[in-house]
Amino acid sequence: MKCALCRKDAILELSHIIPKFVYRSMKKNSPTGNMRLMSEPNRKIQDGDKQNMLCGECEDFFNHCDIIGYVSDQNIDPFRLDVLIQAEKVMRAFLLGERQDLGEIENHVFFFNPIETASDEMADLNLHTIFGSSIFGYTFISYDYDSYYVFLNLQGLVLVTIIKAAEQESWKNTLVHNEGSFDPNKPQYITTPLFSEIEYLAQERKQSMEQMSDKQREKILEAIKRDPEKFKNSKAFQRMLNDQLLRNQ
């Protein structure tokens, strides 16, 4: 089979789409020590998604499997699909050392540290909890603004690749320069159509929690009651407090 990065025929490694250490951290900071899928809140999982995509040499570099899904599902028009394909070619060439820049593509890092200000609508979404207690990533296309993104959330560390920016897009103190430099100490300010996807995810999470069975809720409560001090000192509890403070601003 062909490697997704170098395109050479090789034995493909079974690789985590998201690094394994992120899932270990998520389990460690869970009140029950377990993880759950948003689509199946009553089922516990022990590990993240893995796929045979890269050869051993390329495994640490890059994967971007959404294009394969778009092609197989035929749920995207040819023009938008071509935008993603051309961006993948640029990123592949950069990672393989065949070019020195990414052209108009930008990479940004955003930290979901305690948020100081947000609109009432955004404050009601429990952003600290949503991002701090979850792991997800995929390609997002804003049809209203004709902008394209690949974003990945690693428990509040958000990595965003802007393939094509919206006209009124604004990211301050988030840009990762081509040489890899980034200053994490400056305040970050963002205006982007990507926030509309955040609202969608918040609604999805709310619906998922409503589908959790009484039995599963009782298990979580029992785990907290067994060691309430541990829960009070946990990141999960701190995220809940941060959400409450943001709503009260």
Side-chain angles (χ1 to χ4, degrees), residues 22-23 25-42 108-138 140 142 144-145 147 149 151-160 166 168-174 184-214 216-249:
V22 179
Y23 291 105
S25 173
M26 189 174 181
K27 291 169 68 175
K28 180 181 178 181
N29 289 292
S30 166
T32 60
N34 297 310
M35 300 186 296
R36 300 175 189 273
L37 293 173
M38 186 181 293
S39 58
E40 299 180 74
N42 295 312
H108 294 262
V109 175
F110 177 64
F111 297 97
F112 258 89
N113 292 326
I115 302 170
E116 296 181 1
T117 58
S119 66
D120 291 342
E121 293 79 6
M122 295 299 287
D124 285 337
L125 296 179
N126 294 327
L127 297 177
H128 299 95
T129 297
I130 290 173
F131 280 83
S133 63
S134 61
I135 301 169
F136 55 82
Y138 49 88
F140 171 67
S142 173
D144 292 337
Y145 295 90
S147 51
Y149 315 84
F151 77 108
L152 175 66
N153 172 56
L154 305 176
Q155 291 185 281
L157 172 61
V158 183
L159 312 177
V160 178
Q168 298 178 337
E169 194 107 29
S170 177
W171 295 72
K172 185 175 181 181
N173 300 325
T174 61
N185 298 313
K186 295 181 179 179
Q188 298 179 314
Y189 304 93
I190 300 172
T191 302
T192 173
L194 191 57
F195 280 146
S196 65
E197 187 69 0
I198 293 175
E199 183 175 0
Y200 167 77
L201 291 170
Q203 295 299 331
E204 286 283 293
R205 185 181 187 279
K206 180 181 179 181
Q207 293 176 10
S208 174
M209 292 299 100
E210 291 173 350
Q211 294 170 6
M212 183 177 290
S213 68
D214 292 338
Q216 294 298 325
R217 294 179 190 276
E218 187 61 32
K219 286 183 178 180
I220 294 174
L221 290 174
E222 288 175 358
I224 294 173
K225 290 177 181 178
R226 282 196 298 269
D227 195 344
E229 206 56 36
K230 178 182 178 181
F231 178 67
K232 286 176 62 177
N233 294 324
S234 69
K235 292 182 179 179
F237 183 64
Q238 185 60 54
R239 290 190 291 261
M240 293 170 63
L241 291 179
N242 290 336
D243 283 329
Q244 186 62 53
L245 288 172
L246 189 61
R247 288 193 295 271
N248 294 339
Q249 67 176 346

By side chain to side chain donor-acceptor pair (under 3.5 Å), which residues pair with [X], not counting sequence neighbours?
X    : answer
N126 : R247
N248 : Q244
S147 : Y149

Check ring-ring contact (aromatic ring centres under 6.0 Å, His included) between Y189 and all other residues, then give those that pass, not counting sequence neighbours. none

Going by ring-ring contact (aromatic ring centres under 6.0 Å, His included), name the residues that satisfy it together with F151, two or more places apart in sequence or in a different chain. F136, Y138

So which atom in [X] and which in [Y] form the shortest heavy-atom distance, rounded to 0.1 Å?
X    : Y    : value
R226 : P228 : C-CD, 3.7 Å
L246 : I115 : CD1-O, 3.4 Å
H128 : R239 : O-CD, 3.1 Å
A123 : A118 : N-CB, 4.4 Å

Ignoring hydrogens and geometry, is there a side-chain-to-backbone donor-acceptor pair from N153 to F131 under 3.5 Å? yes

Side-chain (Q188) to main-chain (V109) donor-acceptor, under 3.5 angstrom: yes

Atom CZ of F195: over 12 foreign heavy atoms under 6.0 Å: yes

Is any side-chain heavy atom of L194 closer than 4.5 Å to one of F140? yes

Sub-4.5 Å side-chain heavy-atom contact between D227 and F231: no

Test of understanding: with side chain to side chain contact (heavy atoms under 4.5 Å, CB included), list the residues that count as partners of [X], not counting sequence neighbours.
X    : result
E218 : L221, E222
T117 : Q249
Y200 : E197, E204
K186 : N173, D183

How long is the gap from OG1 on T192 to CD on Q168, to the nearest 0.5 Å? 11.5 Å

Spacing of K235 atom NZ and N242 atom CG [to the nearest 0.5 Å]: 12.5 Å

